[in-house]
Amino acid sequence: MADRLTDIGPPSHDKFLPPIIKENYGKWKRHEIPRPGVLMHTSESGQKLWSVRAATPRIASTKTIRLFAEIADEFSGGYLRYTSRNNVEFLVTDESKVAPLIERCKKEGYPVGGIGNSITNIVHTQGWVHCHSAATDASGVVKAIMDDLFPHFEATELPGKMRIAFACCLNMCGAVHCSDIALLGVHRRLPAIQHDQMNKMCEIPTTVASCPTGAIRPSTVDGNKSVEVIGDQCMFCANCYTVCPAMTLNDAENDGLSIWVGGKVSNARSEPMFSKLAVPYIPNEPPRWPSAVKTVKKIVDVWIANARKYERLGEMINRIGWPKFFELAEIEFTKYHIDDFTHAGLTFKTSAQVRQRAE
Ligand code: SF4
Ligand code: SF4
């Protein structure tokens, strides 16, 4: 690889590859799952690598990171990596260390699983813990949901893979656009503009330029240089609030979350798919989020009962049809399910072929 010309950005990943991965780069022949939570790769040379996956709470303390480093030093030559869904994977080259490593992880309170036909850790965003534009919490809801789905993390008895994502606003720092089940925080009220603060806290041209839909324009309100928002154009994304704290979007009464289904990144069997809207709004219900947990559990149960072997949720829905899925999952069809975005016409069914469903 050519020398980097700047020191901007992360260092090249190949500096950190474990020797076995460097030696066998591009030469891995096959993989199998010898037990839940363990992925065994075999290379053309016959060398084997066991990746042992443990769930983490994502927002980890220094103490937790030090513990993982200590476990890696003891069992995997100091090598570990994080998956995109916030699992930690220890990369083991000595098979005799796999079982004791799993025991140690469990003893420390970090369950091993989430590989293959299971529900892996939920990738999620910051929530109320950190981010200013959160419409809902992240860690709290994910904890409540995963408490219910946990048996599916440790086993591999599901029809296929089930990947769940959570983002606490539609800036979407999580993979909600392409997960089997996605929960997405939604604001439902226009930014509340503090006109007398605009000039002190915000730069008006930057605020106007921050809006992806062009909904903000300069305006003078009560003698203050400020902005106004064109309601019909606002999609409640909170981009303006990010650059201008005087345009608060958080609303304790009306914020909540929505549920999207059927996305996937994988191109196995069928093309990658975007998630589509299933439930437009569920109110925020801390600390145990009963409606969100119940809805996700119901969708998972419908998938388990109806999916064919290896079928992802979106593939199953395409096979049985969206009306049937809504019926099975007991989800009400509302006006919010009708896509009215400018380019929605491209997604509408335009052929004259109609299939009648026998009741
Ligand atoms: Fe913040 Fe939105 Fe990202 Fe959540 S999804 S962390 S609210 S920007
Ligand atoms: Fe524009 Fe988003 Fe602000 Fe609405 S919330 S005005 S769409 S930047």
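Atoms within each ligand, like the ligands themselves, are counted from 1 in listed order. Here the structure is a predicted model, which is why all the values come from computation and not from measurement. Basis for what follows: all heavy atoms, side chains included, without hydrogens, waters or symmetry-related copies.
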Side chain to side chain donor-acceptor pair (under 3.5 Å) between T242 and H132: does it pass, once the steps are laid out? CA-CA 8 Å; T242 302; H132 63 285; 3.1 Å; yes
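Using a cut-off of 4.0 Å between Lys/Arg side-chain N and Asp/Glu carboxylate O, R30 and E32 are scored as salt-bridged.
Below 4.0 Å from some heavy atom of I216 lie the following atoms of ligand 2, by number and element: 6 (S). Residue T213 has at least one heavy-atom neighbour below 4.0 Å for each of these atoms of ligand 2: 7 (S). Contact atoms of ligand 2 toward C234: 4 (Fe), 5 (S), 6 (S), 7 (S) (distance under 4.0 Å to a heavy atom of the residue).
A donor-acceptor pair under 3.5 Å is formed between the side chain of N121 and the backbone N or O of N86.
Note on ring orientation: taking the six-membered ring where Trp is involved, the planes of F68 and F90 are perpendicular (angle over 60°, cut-offs 30° and 60°). Ring planes of Y25 and H13: tilted class, angle from 30 to 60°.
Taking the centre and axis of the six-membered ring of Y281, the NZ or CZ atom of R188 falls inside the cone set by 45° and 6.0 Å.
The SG atoms of C169 and C237 are placed at least 2.5 angstrom from each other.
Enumerated by chain and number, the residues approaching ligand 1 to less than 4.0 Å through a heavy atom are T125, Q126, C131, S133, A134, C168, C169, N171, M172, C173.
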